[in-house]
Protein chains: 2
Amino acid sequence: MAEHDHTVQDSRTRLLEAAEVLMRERGYAAVTSRKVAARAGLKPQLVHYYFRTMDDLFVAVYRRWASGLMDRQAALLDAEKPLHEMWTLAKEARGVLLSEFVALANHRKAVQQEFIEFGDRYRRTQVEIVKTIFDRKGLGGFPWTPAFVAALLNSMAGGMALESGIGISEGHADTQAVIEQLLEQFDA
Amino acid sequence: MAEHDHTVQDSRTRLLEAAEVLMRERGYAAVTSRKVAARAGLKPQLVHYYFRTMDDLFVAVYRRWASGLMDRQAALLDAEKPLHEMWTLAKEARGVLLSEFVALANHRKAVQQEFIEFGDRYRRTQVEIVKTIFDRKGLGGFPWTPAFVAALLNSMAGGMALESGIGISEGHADTQAVIEQLLEQFDA
DNA sequence: GTCTATACTTCGATAGAC
DNA sequence: GTCTATCGAAGTATAGAC
């Protein structure tokens with residue numbers, strides 16, 4: 001049993017999770033100190049106690065999410081089919097939450113800074129992973145560069161996820177097939 | 001000279017433009033009746049007079065933007081290099097404003113409905129255009145389908161535009177080169 | 001760390017005169 | 001079509017007791 005109640009998590013974590021859920025379900029504009037606290041079963045003032053401003057809260061939510069993504073990416077090289085996993089991860093990463101962070105980053109300096117920093121680091125790591133696969137499989141003579149392959153996977157996954165989310169599916173089956181075929185060359 | 005002052009545009013148009021500018025510069029959360037009116041040099045009540053709710057305003061702004069996009073796409077077939085133009089258009093379409101509409105569409109039913117309807121129509125038209133190019137150039141034996149080519153152009157343009165906006169450029173030069181090479185086969 | 005209380009701002013939307 | 005006036009709700013953030 002925990003000390004006071006709250007069973008498993010401390011208040012800070014509860015607030016972070018509540019904020020993320022709200023962002024996903026109702027958009028960043030719905031992330032207010034009152035709503036976050038209500039969803040966490042706490043008082044609104046605690047939001048300011050733990051994060052001071054709402055910007056600080058957004059940054060904390062973003063870091064938490066980005067950190068999980070980075071961990072999953074780091075585990076890619078140990079998978080049986082690393083690039084297939086990378087493709088899957090890219091599709092999963094591009095959900096509603098990322099859309100919200102993109103919009104947020106467009107207008108909030110603090111979020112934008114985190115966003116740029118992480119995005120850059122993430123992409124570099126990703127290219128390194130593709131390079132490693134290239135070397136492993138001896139694909140030095142492959143016409144496409146690792147940087148392009150990484151960009152291709154991310155962009156196509158992003159495009160498909162975006163469109164799927166709003167109900168467009170034209171060309172997706174074709175895309176999935178072409179990508180699969182490409183990935184086979186690496187992961188076979 | 002116009003009737004009262006307002007020189008060129010009527011109030012409705014002024015409000016629409018003000019809302020779009022605000023959305024681009026400060027995000028959809030900054031689009032309030034008061035701020036929109038202030039930027040348009042009008043009273044906040046006029047926003048409700050012309051659009052009743054803020055949702056109606058968002059839908060109107062979206063329609064206006066989408067309509068312009070559709071017009072540009074329709075003119076593509078008459079261009080000297082249609083697919084190059086399609087690539088350029090796709091990149092331009094993916095700016096801050098679209099990010100905001102995506103986020104909005106995730107959580108506002110009225111916007112979502114417009115978004116889906118237009119997106120689907122836009123994509124269908126686009127695929128038709130690519131098909132027409134295929135036929136013109138006699139590329140019936142080309143390994144990729146028109147649907148995939150359309151999805152590829154949109155996704156890659158979207159990915160690059162998104163990343164450029166936040167300062168990531170790794171792999172972009174490669175991507176641009178590969179796409180150019182592909183487009184040459186159609187537009188040559 | 002959590003509470004009560006509160007100051008101050010801004011929001012969407014409407015009623016009714018002109 | 002535009003104005004004045006206004007309601008009630010919701011927002012961020014802080015001060016100070018416990």
Side-chain angles (χ1 to χ4, degrees), chain A residues 1-23 25-62 100 103-104 107-112, chain B residues 1-23 25-62 100 103-104 107-112:
Chain A
M1 293 50 170
E3 310 245 327
H4 260 120
D5 179 16
H6 290 172
T7 345
V8 271
Q9 304 147 323
D10 59 4
S11 297
R12 196 188 129 95
T13 306
R14 290 166 67 86
L15 290 170
L16 281 175
E17 289 186 351
E20 185 177 317
V21 170
L22 266 173
M23 225 172 147
E25 294 181 354
R26 310 207 22 215
Y28 71 77
V31 179
T32 69
S33 47
R34 282 169 157 90
K35 291 207 190 81
V36 169
R39 171 103 35 168
L42 299 168
K43 302 283 178 180
Q45 296 86 337
L46 286 184
V47 174
H48 298 289
Y49 173 76
Y50 283 106
F51 304 99
R52 207 175 69 84
T53 69
M54 297 307 287
D55 259 31
D56 291 340
L57 172 61
F58 280 123
V59 168
V61 173
Y62 179 74
E100 295 295 325
L104 260 182
H107 311 291
R108 300 215 185 196
K109 220 179 330 182
V111 176
Q112 185 181 45
Chain B
M1 298 46 174
E3 311 242 327
H4 260 118
D5 177 15
H6 291 174
T7 344
V8 271
Q9 303 147 324
D10 58 5
S11 297
R12 197 188 129 95
T13 306
R14 290 167 66 85
L15 291 170
L16 281 175
E17 290 186 350
E20 185 179 315
V21 170
L22 266 173
M23 226 171 146
E25 294 180 354
R26 311 207 20 214
Y28 71 77
V31 179
T32 69
S33 50
R34 285 170 159 87
K35 291 207 189 82
V36 168
R39 171 104 34 168
L42 299 168
K43 301 282 177 179
Q45 296 86 337
L46 287 184
V47 173
H48 298 290
Y49 172 76
Y50 282 105
F51 303 99
R52 206 174 71 83
T53 69
M54 297 307 287
D55 260 31
D56 291 341
L57 172 61
F58 280 124
V59 168
V61 172
Y62 179 74
E100 294 295 326
L104 260 182
H107 311 290
R108 300 214 183 196
K109 219 181 328 183
V111 176
Q112 185 181 46

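Letters go in sequence order (proteins before strands), and every chain restarts at 1.
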Q: Rounded to the nearest angstrom, tell me the gap between atom CG in A:L22 and atom P in D:dA10.
A: 14 Å
**Q.** Separation of C:dT4 C1' from A:L46 CG (nearest whole Å)
**A.** 12 Å
Q: Looking only at side-chain atoms of A:S11, point me to the closest of C:dC3, D:dA10, C:dT2.
A: C:dT2
Quick one: which protein N/O atoms are closer than 3.5 Å to N/O atoms of nucleotides 13-16 of chain D? Pair and distance per line, please.
unit_1: D:dA13; atom_1: OP2; unit_2: A:M54; atom_2: N; d: 3.2
unit_1: D:dA13; atom_1: N7; unit_2: A:H48; atom_2: NE2; d: 3.4

(Q) Measuring only between side-chain heavy atoms, which start at C-beta, is B:M23 closer than 4.5 Å to B:L104? (A) yes
Q. To the nearest angstrom, how far is A:F51 atom CZ from D:dT12 atom C1'?
A. 16 Å
Q. In whole Å, what is the span from the CG atom of B:D10 to the P atom of D:dG1?
A. 9 Å
**Q.** Heavy-atom side-chain proximity of B:R12 to B:L16 below 4.5 angstrom
**A.** yes
Q. With sequence neighbours left out, which residue pairs that include part of residues 46-57 of chain A fulfil the salt bridge (Lys or Arg N to Asp or Glu O under 4.0 Å) condition?
A. A:D55-A:R108
**Q.** OP1 or OP2 of C:dT10 under 4.0 Å from side-chain N/O of B:T32
**A.** no
Q) For the residue pair B:F58 and B:Y28, does the interplanar ring angle fall in the parallel (under 30°), tilted (30 to 60°) or perpendicular (over 60°) class? A) perpendicular
(Q) Could you check whether any side-chain heavy atom of A:H107 comes within less than 4.5 Å of a side-chain heavy atom of A:Q112, counting everything from C-beta outward? (A) no
(Q) Using OP1 and OP2 only, check whether a side-chain N or O of A:K35 sits under 4.0 Å from D:dG11. (A) yes
Q.
With salt bridge (Lys or Arg N to Asp or Glu O under 4.0 Å) as the rule and sequence neighbours excluded, what pairs involving residues 32-42 of chain B come up?
A. B:E25-B:R39
Q | Length of the line joining B:Y50:OH and C:dG12:P, which is rounded to integer Å | A | 19 Å
